[in-house]
Amino acid sequence: MLGSGQGSNFVAIADAGASGRTEVAIVLSDVEGAGILERARERTIPARFIAPGNFRTKLDEEAERAFVAALQEARVQLIALAGFMRVLKGEFLRAFENRIVNIHPSLLPAFPGLEAWKQALDYGVKITGCTVHFVDAGVDSGPIIAQQSVPVLDDDTPETLHQRIHAAEHDLYPRCVEAIARGQVAVQGRRVILKQWRDGTGDRVD
């Protein structure tokens, strides 16, 4: 898992994996004091800071090589981004094609980019949510795996809406990672097919 912040989605996935088919092999961060590293160490999961280089929104070539090498050394089969605030490019994506997933706090393709919950609130939509998707070279533009809706309430603030979206993320993201681990996710172009998927109520969707 890759993250830049406190790591609440990491915690959801790591704790869910304890009773499932997934195991977090390593946590990497581009922020030396990131909370996600501490959360990983609390769970005795290997955790490393790797300096990102001089760019603000992406890794430089040396950092990219270091991240890829660390992930390959850990023999990861899937990379889950958890608030990783850098766009992955080129060699990184080629090294792990269709093996990088991310969660975004909106119902993509609506409201890509930063502070998506605030974008939704400012736009005036009545329903937003979160999206788990494969990562490509664009910003929040990869094939969609699954989505979960969250109503926008009349008295919502950016903070209250963000909190409820977070709760939906913590439910949806571990279920998607588990489905991938079970071989229940197939990519057909931009379409992602879910086999024997269980929705948020536990009901199976064939």
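Keep in mind that what you see is a predicted model, and the values were worked out from it rather than measured. Only heavy atoms go into these numbers, but all of them, side chains included; no hydrogens, no water, no symmetry mates.
Counting all heavy atoms, side chain and backbone alike, H104 lies closest to G113 at CE1-O, 3.1 Å. Here the closest heavy-atom approach between residue A47 and residue A40 is recorded as CB-CB, 3.8 Å. L161 and D156 get closest at one heavy-atom pair: N-OD1, 3.7 Å. Here the closest heavy-atom approach between residue D30 and residue G3 is recorded as OD1-O, 3.8 Å. Across every non-hydrogen atom of A116 and S106, the tightest pair is CB-CB, 3.8 Å. For the pair A70 and L28, the tightest heavy-atom approach, listed with the atom from each and the gap, is CB-CD1, 3.9 Å.
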Taking it one step at a time, do I144 and F134 satisfy side-chain contact (heavy atoms from CB on, under 4.5 Å)?
-> CA-CA 6 Å; I144 291 170; F134 285 106; over 6 Å; no
Go through V187 and I145 one step at a time and tell me if the side-chain contact (heavy atoms from CB on, under 4.5 Å) criterion holds.
-> CA-CA 9 Å; V187 183; I145 300 168; over 6 Å; no
Please step through side-chain contact (heavy atoms from CB on, under 4.5 Å) for the pair L37 and R41, ending with a clear verdict.
-> CA-CA 6 Å; L37 296 176; R41 291 168 185 143; 3.8 Å; yes
Before giving the answer on side-chain contact (heavy atoms from CB on, under 4.5 Å), spell out for Y173 and V101 the whole-Å C-alpha distance, their side-chain angles and the decisive distance to 0.1 Å.
-> CA-CA 9 Å; Y173 209 0; V101 295; 3.9 Å; yes
Kindly indicate, with the supporting measurements, whether the criterion salt bridge (Lys or Arg N to Asp or Glu O under 4.0 Å) is fulfilled by R65 and E62.
-> CA-CA 5 Å; R65 286 193 295 269; E62 182 178 351; 5.5 Å; no
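Side-chain N or O atoms of R56 include none that pairs as donor or acceptor with a backbone N or O of R86 at under 3.5 Å. A donor-acceptor pair under 3.5 Å is absent between the side-chain atoms of R75 and the main chain of L71, judged by distance alone. With R164 contributing its side chain and P151 its backbone, the two residues share a donor-acceptor pair below 3.5 Å. The closest donor-acceptor contact from the side chain of Q119 to the backbone of P112 lies under 3.5 Å. A donor-acceptor pair under 3.5 Å links the side-chain atoms of K89 to the main chain of A137, judged by distance alone.
Around atom CD1 of I193, more than 12 heavy atoms belonging to other residues, nucleotides or ligands sit under 6.0 Å away. Annotation for F49: atom CZ counts as buried by contact number, over 12 foreign heavy atoms lying within 6.0 Å. Other residues, nucleotides and ligands place no more than 12 heavy atoms under 6.0 Å from the CD atom of Q77. Heavy atoms from other residues, nucleotides or ligands lying under 6.0 Å from CG of L153 number more than 12. The number of heavy-atom neighbours closer than 6.0 Å to CG of D154, taken from other residues, nucleotides and ligands shown, is 12 or below.
Distance check, rounded to the nearest 0.5 Å: OG of S4 to CD1 of I36 gives 8.0 Å. For the atom pair OG of S149 and CD1 of I127, the computed distance is 6.0 Å after rounding to the nearest 0.5 Å. Atom CD1 of I26 and atom CE of M1 lie 13.0 Å apart (nearest 0.5 Å). Note that the OG1 atom of T128 and the CD atom of Q147 stand 9.5 Å from one another [nearest 0.5 Å]. For the atom pair N102 CG and S141 OG, the distance stands at 10.5 Å (nearest 0.5 Å). Interatomic distance, L114 CG to T57 OG1, rounded to the nearest 0.5 Å: 10.0 Å.
Remark: E178 does not engage R175 in a salt bridge, criterion side-chain N to carboxylate O under 4.0 Å. Classification of R39 and E42 as a salt-bridged pair holds, one side-chain N sitting under 4.0 Å from a carboxylate O.
Under the 4.5 Å side-chain heavy-atom criterion for ILVMFWY residues, a single connected hydrophobic cluster contains both V185 and L78. L172 and I180 fall within a single hydrophobic cluster, where Ile, Leu, Val, Met, Phe, Trp and Tyr are joined by side-chain heavy atoms under 4.5 Å apart, directly or via other members. By the criterion of side-chain heavy atoms lying less than 4.5 angstrom apart, applied directly or through intervening Ile, Leu, Val, Met, Phe, Trp or Tyr residues, L107 is not grouped with V125; the two fall into different hydrophobic clusters. Hydrophobic clustering of Ile, Leu, Val, Met, Phe, Trp and Tyr side chains at less than 4.5 Å, counting indirect connections, unites F84 with V68. The hydrophobic cluster containing I79 also contains I50, counting ILVMFWY residues as joined when their side-chain heavy atoms lie under 4.5 angstrom apart, directly or transitively.
Two residues are said to be in side-chain contact when any heavy atoms from C-beta on lie closer than 4.5 Å; E61 and F55 fail this criterion. Between T131 and I103 there is no side-chain heavy-atom pair separated by less than 4.5 Å. The closest side-chain heavy-atom distance from D140 to H133 is below 4.5 Å.
Between the side chains of E169 and H166, at least one donor N or O lies within less than 3.5 Å of an accepting N or O.
Note: F67 and F92 have tilted aromatic rings, judged against thresholds of 30 and 60 degrees for the angle between ring planes.
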